[in-house]
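Reviewing the structure listed below.
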Amino acid sequence: MTTAPDTANPATTPVLPRARRSRTDDGAADVRRYPPLARAGIITALAVVAVLWLAPLVWAVLTSLKHEADTTTVPLEVVPDRGFTLQAYASVLANGDLVTWFVNSTVVTIVVTVLTVALSAAAAYGFSRTRFRGRNALFALTIAGIMVPPQILIVPLYRQMLALGLADTYLGIILPQLVLPAMVFILKKFFDGIPHELEEAARVDGAGSLRIFLQIVLPLSRSILAAVSIFVFIHAWNNFLWPFIITSDPGLMTLPVGLVQVQSSFGVRYAQVMASAILAGLPLIVVFMLFQRQIIRGVATTGLGGT
């Protein structure tokens, strides 16, 4: 007579070993689970990569603090004999309309970021939840826009802005930057992973589509919205080609366009060039340092529904 194995008694049930894997709050594997030798190798490799990544930034900062004559000495000196100075920063701030360009870049970047994220989120939610004829074809056409180089659209966009009388205006700079198909794709993939049961329960309570989108979907998507916002912010802040083409008034130039004008007016002065680059990149560094957790979490969960 065959007897079934006793699975009810935990004392007689064999316990199979399971690999344990400690994780951090963000879900990444903890380096402490590795043996000491492997841990030392990983930390050393990461330190080398960090040094290589920081080396150009450190060199730019040191060059911006040198006297102009010390930037072209042979051999190059890390610490010049005459020491460091803030003369390059003073010259850049005095010779160019840096404050005006900074304000223009800030206004344009903030407006572009807010409107782009809002439009992309609304479009992505429509593609994710609305069923209508031709939805897949329209979404495929939207995603196909990722493969279109922005340079191809420069001429038709420029002629359209001229026809609308928007050249040398904030609207002329902002409007063509509001459509980013890649952001629609990222948000749509994230919205697909949000359980439909949450929306069905809200509809039972009488909530409409707009209220569900604003009060349920968006709060659940804070991490991916933060990541998308930062990506759009960096893209808009660094955008040079379109503001350079659509603006000719120095009072409307953004920071990347204005810095090129300074360089062309005063020639190649390496200390001033590095000082200008540091000032232009400082807001991006601050944004990344403040929101690096949201960036990493948003990138890690992009396309992974329900995370």
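Just so it is clear, the structure is predicted and the values come from calculations on it, not from any experiment.
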Inset, instruction - State, with a plain yes or no, whether a side-chain heavy atom of L180 is found less than 4.5 Å away from one of V228. - result: no
Legend entry - CZ-CZ distance between F139 and F185, expressed to the nearest 0.5 angstrom: 6.0 Å
Inset, instruction - Quick one: do N104 and I173 satisfy side chain to side chain contact (heavy atoms under 4.5 Å, CB included)? Show the steps, please. - result: CA-CA 10 Å; N104 291 338; I173 302 174; over 6 Å; no
Inset, instruction - Using the rule that two of Ile, Leu, Val, Met, Phe, Trp, Tyr join whenever any of their side-chain heavy atoms come within less than 4.5 Å, decide whether V114 and V117 are in one cluster. - result: no
Inset, instruction - Calculate, to the nearest 0.5 Å, the distance between atoms CG and OG1 belonging to D168 and T247 respectively. - result: 6.5 Å
Inset, instruction - Verify the neighbour count for atom CZ of R135: are there more than 12 heavy atoms of other residues, nucleotides or ligands below 6.0 Å? - result: yes
Legend entry - Spacing of OH belonging to Y89 relative to OG belonging to S276, to within rounding of 0.5 Å: 9.0 Å
Inset, instruction - Test Y125 against every option in L187, I212, L218, V184 by the side-chain contact (heavy atoms from CB on, under 4.5 Å) rule and name the one that passes. - result: I212
Legend entry - Atom CG of L54 with >12 non-hydrogen neighbours under 6.0 angstrom: yes
Inset, instruction - Using only heavy-atom distances, determine whether the side chains of S128 and D192 contain a donor-acceptor pair under 3.5 Å. - result: yes
Inset, instruction - Could you check whether the rings of F127 and F132 sit parallel, tilted or perpendicular, using 30° and 60° as the cut-offs? - result: tilted
Inset, instruction - Please check if atom CZ in F213 has more than 12 non-hydrogen atoms from other residues, nucleotides or ligands closer than 6.0 Å. - result: yes
Inset, instruction - Answer yes or no: is there a donor N or O on one side and an acceptor on the other, between the side chain of R159 and the main chain of P156, under 3.5 Å? - result: no
Inset, instruction - Kindly indicate whether the side chain of I146, heavy atoms from C-beta on, has any atom under 4.5 Å from the side chain of I143. - result: yes
Legend entry - Separation between CD1 of I154 and CG of L241, rounded to the nearest 0.5 Å: 4.5 Å
Inset, instruction - Please say whether more than 12 non-hydrogen atoms of neighbouring residues, nucleotides or ligands are located less than 6.0 Å from CZ in F191. - result: yes
Inset, instruction - Rounded to the nearest 0.5 Å, what's the gap from CD1 on I110 to CZ on F233? Could you check? - result: 6.5 Å
Inset, instruction - List the steps and the verdict of side chain to side chain contact (heavy atoms under 4.5 Å, CB included) for I186 and F190. - result: CA-CA 6 Å; I186 292 174; F190 188 91; 5.9 Å; no
Inset, instruction - Give, for atom CD1 of I174 and atom CD1 of I246, the distance between the pair rounded to the nearest 0.5 Å. - result: 12.0 Å
Legend entry - Side-chain touch T109/I234, heavy atoms, less than 4.5 angstrom: no
Inset, instruction - Step by step, work out the side chain to side chain contact (heavy atoms under 4.5 Å, CB included) result for L65 and T85. - result: CA-CA 5 Å; L65 296 174; T85 178; over 6 Å; no
